[in-house]
Protein chains: 2
Amino acid sequence: METQHARLRNAAEKLALTLTQGGMQKSTARVLTALLYTEQDTMTPADLREQLQISSGGVSAAVKQLMPAGFIERVPAPGSRRDHYRFRSGAWAGLMSQQNEVLRVMTAAADEGLAEAPQDSATAERLREMRDFYTYMAEQMVPLVERWREQYEARRRHVS
Amino acid sequence: METQHARLRNAAEKLALTLTQGGMQKSTARVLTALLYTEQDTMTPADLREQLQISSGGVSAAVKQLMPAGFIERVPAPGSRRDHYRFRSGAWAGLMSQQNEVLRVMTAAADEGLAEAPQDSATAERLREMRDFYTYMAEQMVPLVERWREQYEARRRHVS
DNA sequence: CGCGATGTTCAGAGAATTCTGAACACTCTG
DNA sequence: CAGAGTGTTCAGAATTCTCTGAACATCGCG
């Protein structure tokens, strides 16, 4: 029992490391995976501080990043003065949707360059490819994630 | 003329900044955008060093990252002992394809967790959603980018 | 309304990353 | 095969990022 628990913790930390390498900061990633892997219903900042051995400020900062990103949510807990957090269903799909913002920024950057470059230059040619590609991706990604959401919701309803 | 040139440089630097914020290191991003925005056919490390005011080591490191990532290519230049680099057509699509690797890693991480978690726990439920989502995305992304490549190639052939 | 419990902020310590530049290695050329 | 020209490596400097922890703010309860 203890061993399994430890192995879960381990898997959580390993995923946190992966996320870190992908650009997320360490504390934030660890808070995220702790909430993903916990067997408690919710976790309080104190729980997180104790389990992860990070400072209160660290937990606060992590939560501040994870909430607006849609990874976690604050759960009302009557009778407790502490904040209770929970990993959010649909978080991964939400993350992917936020990538669309990136696609939009890249499209905009290409457009900006195109406004300056001579129409028939090689630079303009390259920028057109860039713009067209990101435009295409943005268009395709939205319905893709939407379709996932529908499928997932449908299955959930079916199971329960 | 000088002004337009400067504005192009500006757009290049601005995109570099965006890429930096997305996790790319500064020199690498600047080399990338310099090659994207240049009106020369190719650029040598010396060109890049001069234009960007970075050290030779910096250029070397940037190239070392950009080449395997498919962003740039070395162009044979008979009669010149310098390396000649050029922004690669299809670079953005290639970048997106590399994201598939990320999707695969995330799927694997979820599977690893699932191997440890009790089948009917809330943790297992969350990990299944994660695994299913990333599996779905990986499946969908491949044909999506493939379709872009086909469309783009077709259009190119048509134009020329 | 005051107090205890909890959350947030932020200056500065510490860690990690990135860049520089000089030494070194390689490759043509005469 | 010597030497000039060019690219690469890497130790250490410089910069940037992240975390800590103590001060402060906020909230709920008696």
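Below, read A as the first sequence line, B as the second, and so on, with proteins coming before strands; counting in each chain starts at 1. Just so it is clear, the structure is predicted and the values come from calculations on it, not from any experiment.
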* **DNA chain C contacts made by residues 43-53 of chain A, counting heavy atoms under 4.0 Å** => A/P45

* Asked: Should B/R126 and B/E129 count as an ion pair when the cut-off is N to O under 4.0 Å?
  -> no

* Provide the start and end nucleotides, 5' to 3', of the part of DNA chain D that has atoms under 4.0 Å from heavy atoms of chain B. => D/dA4 to D/dT9

* Does the pair B/R74 and B/T42 meet the rule for a side chain to side chain contact (heavy atoms under 4.5 Å, CB included), with working shown? -> CA-CA 9 Å; B/R74 193 176 289 157; B/T42 62; over 6 Å; no

* To do: Using only heavy-atom distances, determine whether the side chains of A/Y85 and A/E73 contain a donor-acceptor pair under 3.5 Å.
  => no

* Structure fact -> Whichever of A/S56 and A/G79 has the more 5' nearest nucleotide on DNA chain D, that residue is A/S56

* To do: Compute the centroid of each ring, for A/F87 and then for A/W92, and state whether the two points are separated by less than 6.0 Å.
  => yes

* Structure fact -> Between B/P68 and B/Q98 the two heavy atoms that sit nearest each other are O-NE2, 4.2 Å

* Let me see the working for A/L144 and A/M96 under side chain to side chain contact (heavy atoms under 4.5 Å, CB included), right down to the final yes or no. => CA-CA 10 Å; A/L144 201 68; A/M96 198 55 71; over 6 Å; no

* Which part of the nucleic acid does A/R82 contact within heavy-atom distance under 4.0 Å: base, sugar-phosphate only, or nothing? -> sugar-phosphate

* Base, sugar-phosphate, or nothing for B/S60, non-hydrogen atoms under 4.0 angstrom? -> base

* Asked: Could you walk me through whether B/E125 and B/R128 pass the salt bridge (Lys or Arg N to Asp or Glu O under 4.0 Å) check?
  -> CA-CA 5 Å; B/E125 182 56 39; B/R128 271 192 292 273; 3.4 Å; yes

* Asked: If you find the nucleotide of DNA chain C closest to A/R81 and the one closest to A/V59, which residue's nucleotide is nearer the 5' end?
  -> A/R81

* Within this structure, what is the CE-to-C1' distance between A/M67 and C/dG7, rounded to whole angstrom? -> 12 Å

* Structure fact -> By nearest-nucleotide position on DNA chain C, the 5'-leaning member of A/K64 and A/K26 is A/K64

* Contacts of type side-chain hydrogen bond (donor to acceptor under 3.5 Å, both in side chains), residue B/E150, not counting sequence neighbours -> none

